[in-house]
Protein chains: 2
Amino acid sequence: MLKNMNFIEKLRETGLRPTKQRVKICEILFNREKTFHFTINDLAKKIFEELNEKISLATVYNTVHALQKKGYLKEISINSNKSYFDTNTSVHHHFYDEDTHQLIDCDENEIETVNIKKNITGKKINSVEVLVRVASDNQNQN
Amino acid sequence: MLKNMNFIEKLRETGLRPTKQRVKICEILFNREKTFHFTINDLAKKIFEELNEKISLATVYNTVHALQKKGYLKEISINSNKSYFDTNTSVHHHFYDEDTHQLIDCDENEIETVNIKKNITGKKINSVEVLVRVASDNQNQN
DNA sequence: TCAACAGTTTAGAATAATTATAATATATAA
DNA sequence: TTATATATTATAATTATTCTAAACTGTTGA
């Protein structure tokens with residue numbers, strides 16, 4: 001994957017000035033095997049844990065939004081008062097575990113391609129995403 | 001539909017005490033032909049417009065959540081800092097117009113049943129919903 | 001190399017949605 | 001009708017996010 005990538009180059013290529021903070025955030029986000037689902041708060045906490053250094057919350061917001069705009073991150077639609085982001089930017093679907101509030105990527109072969117038979121006139125489809133809400137089997141029995 | 005239904009009886013049946021405020025909110029929500037997509041704020045505004053009477057925001061929140069818990073309303077997954085609710089409680093999908101920020105119900109025949117081939121072990125699927133994001137055709141051309 | 005400038009970061013204030021609180025009011029059952 | 005459990009309300013508190021304005025830093029070009 002993106003392991004050990006030179007984030008400075010990567011950022012520069014996309015027109016983002018490779019500041020110290022942005023490089024650190026990229027390291028945290030992309031230097032990992034599996035995709036990462038997070039809220040801004042999760043990310044800020046991780047930065048502090050892994051780097052033992054605080055980056056201003058405003059900067060975390062700005063940087064995440066900049067990365068999202070450039071297509072390095074994707075915002076996910078779950079109903080929640082927080083925004084969730086995903087380092088897996090391909091079009092893909094999610095399971096949302098209502099017990100643990102965890103978000104799990106669907107493998108491509110777990111959900112069949114969704115067939116949209118009729119679209120709104122004059123509009124272009126930007127994305128089609130499925131959210132499968134699951135919960136423990138013994139719950140919701142009433 | 002629910003037109004001219006006796007909301008007092010309806011509420012009582014489901015164990016919600018039919019207070020003046022709850023009945024009024026039910027009237028606004030369910031005495032209509034088409035389904036209604038709204039945020040708490042939209043609803044509060046409509047209450048004031050139609051009844052010329054103010055119901056405390058806290059009550060609107062409480063009531064909407066009570067109705068949701070009883071299955072009269074459904075919360076919709078769009079990424080936004082607000083919660084959206086829907087008076088159409090059947091499992092159905094949505095188009096989200098990114099230009100106008102409008103939410104549009106999909107007709108049943110516009111999207112084929114989504115086939116989930118593999119589920120998370122030990123979990124029960126509560127809902128499967130599709131969000132189709134659309135935007136004006138001449139946008140996003142870059 | 002260094003000055004200048006544009007773009008960044010930052011702390012903290014501002015805003016907005018939502019939830020909590022606690023006093024008052026009301027619906028309902030006895 | 002009265003007691004009691006529940007609901008409503010205004011307001012305060014909380015939380016996520018955005019704004020602001022000052023200080024800082026990466027980059028460009030002299």
Side-chain angles (χ1 to χ4, degrees), chain A residues 6-29 37-48 51 53-70 72-73 75-85 101 103, chain B residues 6-29 37-48 51 53-70 72-73 75-85 101 103:
Chain A
N6 183 350
F7 296 116
I8 295 181
E9 274 317 309
K10 195 77 191 171
L11 284 169
R12 209 187 296 276
E13 269 169 29
T14 55
L16 288 175
R17 227 149 75 169
T19 60
K20 204 174 59 170
Q21 291 85 346
R22 285 182 177 161
V23 173
K24 297 208 156 159
I25 289 175
C26 282
E27 277 169 23
I28 299 270
L29 289 179
H37 296 124
F38 63 95
T39 63
I40 298 289
N41 223 0
D42 296 338
L43 178 55
K45 207 182 286 172
K46 219 169 197 56
I47 290 165
F48 188 76
L51 306 180
E53 190 169 319
K54 191 176 158 294
I55 295 180
S56 156
L57 245 195
T59 300
V60 181
Y61 272 97
N62 290 342
T63 304
V64 165
H65 287 148
L67 290 170
Q68 184 206 2
K69 205 180 245 167
K70 291 294 173 184
Y72 284 143
L73 291 175
E75 197 171 5
I76 301 171
S77 281
I78 299 183
N79 208 298
S80 159
N81 53 336
K82 298 170 204 179
S83 282
Y84 280 79
F85 293 88
H101 301 277
L103 200 59
Chain B
N6 183 350
F7 295 117
I8 294 181
E9 274 317 308
K10 195 77 190 172
L11 284 168
R12 209 187 297 277
E13 270 168 29
T14 56
L16 287 176
R17 227 149 74 168
T19 60
K20 204 175 59 173
Q21 291 84 348
R22 284 181 179 164
V23 174
K24 296 210 156 160
I25 288 174
C26 282
E27 277 169 23
I28 298 272
L29 289 179
H37 295 127
F38 63 96
T39 63
I40 298 289
N41 223 359
D42 295 338
L43 179 55
K45 207 181 288 171
K46 220 168 195 54
I47 290 166
F48 189 75
L51 306 180
E53 191 167 319
K54 191 175 158 293
I55 295 181
S56 156
L57 245 196
T59 300
V60 181
Y61 273 100
N62 291 342
T63 305
V64 165
H65 287 147
L67 291 171
Q68 184 206 3
K69 205 181 245 168
K70 292 294 176 184
Y72 284 143
L73 291 175
E75 197 170 5
I76 301 170
S77 281
I78 299 185
N79 209 297
S80 158
N81 54 334
K82 298 173 204 175
S83 282
Y84 279 79
F85 293 88
H101 301 278
L103 200 60

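Small disclaimer: the values here were computed from a predicted structure and weren't measured. Note on naming: letters A, B, ... go to the chains in the order of the sequence lines (proteins, then strands), and numbering restarts at 1 for each one.
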Ignoring backbone atoms, establish whether [X] has a side-chain N or O less than 4.0 Å from OP1 or OP2 of [N].
| X | N | answer |
| --- | --- | --- |
| Ser56(A) | dT9(C) | no |
| Lys54(A) | dT10(C) | no |
| Gln21(A) | dT10(C) | yes |

How close or far is atom [atom2] of [N] from atom [atom1] of [X], stated in whole angstroms?
| X | N | atom1 | atom2 | value |
| --- | --- | --- | --- | --- |
| Lys69(B) | dA7(D) | NZ | C1' | 14 Å |
| Asn62(A) | dT20(D) | CG | C1' | 12 Å |
| Ile55(B) | dT11(D) | CD1 | P | 17 Å |
| Glu53(A) | dT9(C) | CD | P | 13 Å |
| Lys24(A) | dT10(C) | NZ | C1' | 15 Å |
| Arg22(A) | dT25(D) | CZ | P | 15 Å |

Exercise for the section: Decide whether Thr39(B) and Asp42(B) meet the rule of one side-chain donor and one side-chain acceptor closer than 3.5 Å. Expected result: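 Thr39(B) vs Asp42(B): donor-acceptor pair found between side chains.
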
Exercise for the section: Spell out, as yes or no, whether a donor-acceptor pair under 3.5 Å connects the side chain of Lys46(B) to the backbone of Ile28(B). Expected result: no

Practice task
Determine yes or no for a side-chain-to-main-chain donor-acceptor pair under 3.5 angstrom, with Thr14(B) supplying the side chain and Leu11(B) the backbone.
Solution key: yes

Exercise for the section: Check the pair Leu67(B) / Ile25(B) against side-chain contact (heavy atoms from CB on, under 4.5 Å), numbers first and verdict last. Expected result: CA-CA 10 Å; Leu67(B) 291 171; Ile25(B) 288 174; 4.3 Å; yes

Fill in the blank from the handout: Per-nt protein contacts along nucleotides 24-30 of chain C (heavy atom under 4.0 Å; B base, S backbone sugar-phosphate only, - none) come out as --BBS--

Handout entry: Distance, nearest 0.5 Å, that separates CG of Asn6(B) from SG of Cys26(B)
Key =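 Nearest 0.5 Å value for the CG-SG distance: 10.5 Å.
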
Completion exercise
CD1 of Ile76(B) to CG of Leu103(B), rounded to nearest 0.5 Å, is 4.5 Å

Practice task
Return the minimal non-hydrogen interatomic distance between Tyr72(A) and Lys10(A), and the atom names on each side.
Solution key: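 Result for this residue pair: OH-CE, 2.8 Å.
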
Problem - All pairs passing side chain to side chain donor-acceptor pair (under 3.5 Å) where residues 17-26 of chain A contributes a residue, at least two apart - result: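 Sorted pair list: Lys24(A)-Glu53(A).
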
Just the atom pairs and distances: protein N or O near nucleotides 12-18 of chain D's N or O, under 3.5 Å.
residue : atom : partner  : partner atom : Å
dT17(D) : OP1  : Ser83(A) : N            : 2.9
dT17(D) : OP1  : Ser83(A) : OG           : 3.4
dT17(D) : OP2  : Tyr61(A) : OH           : 2.7
dT17(D) : O5'  : Tyr61(A) : OH           : 3.1

Practice task
Check step by step if side-chain contact (heavy atoms from CB on, under 4.5 Å) holds for Phe38(B) and Lys82(B).
Solution key: CA-CA 10 Å; Phe38(B) 63 96; Lys82(B) 298 173 204 175; over 6 Å; no

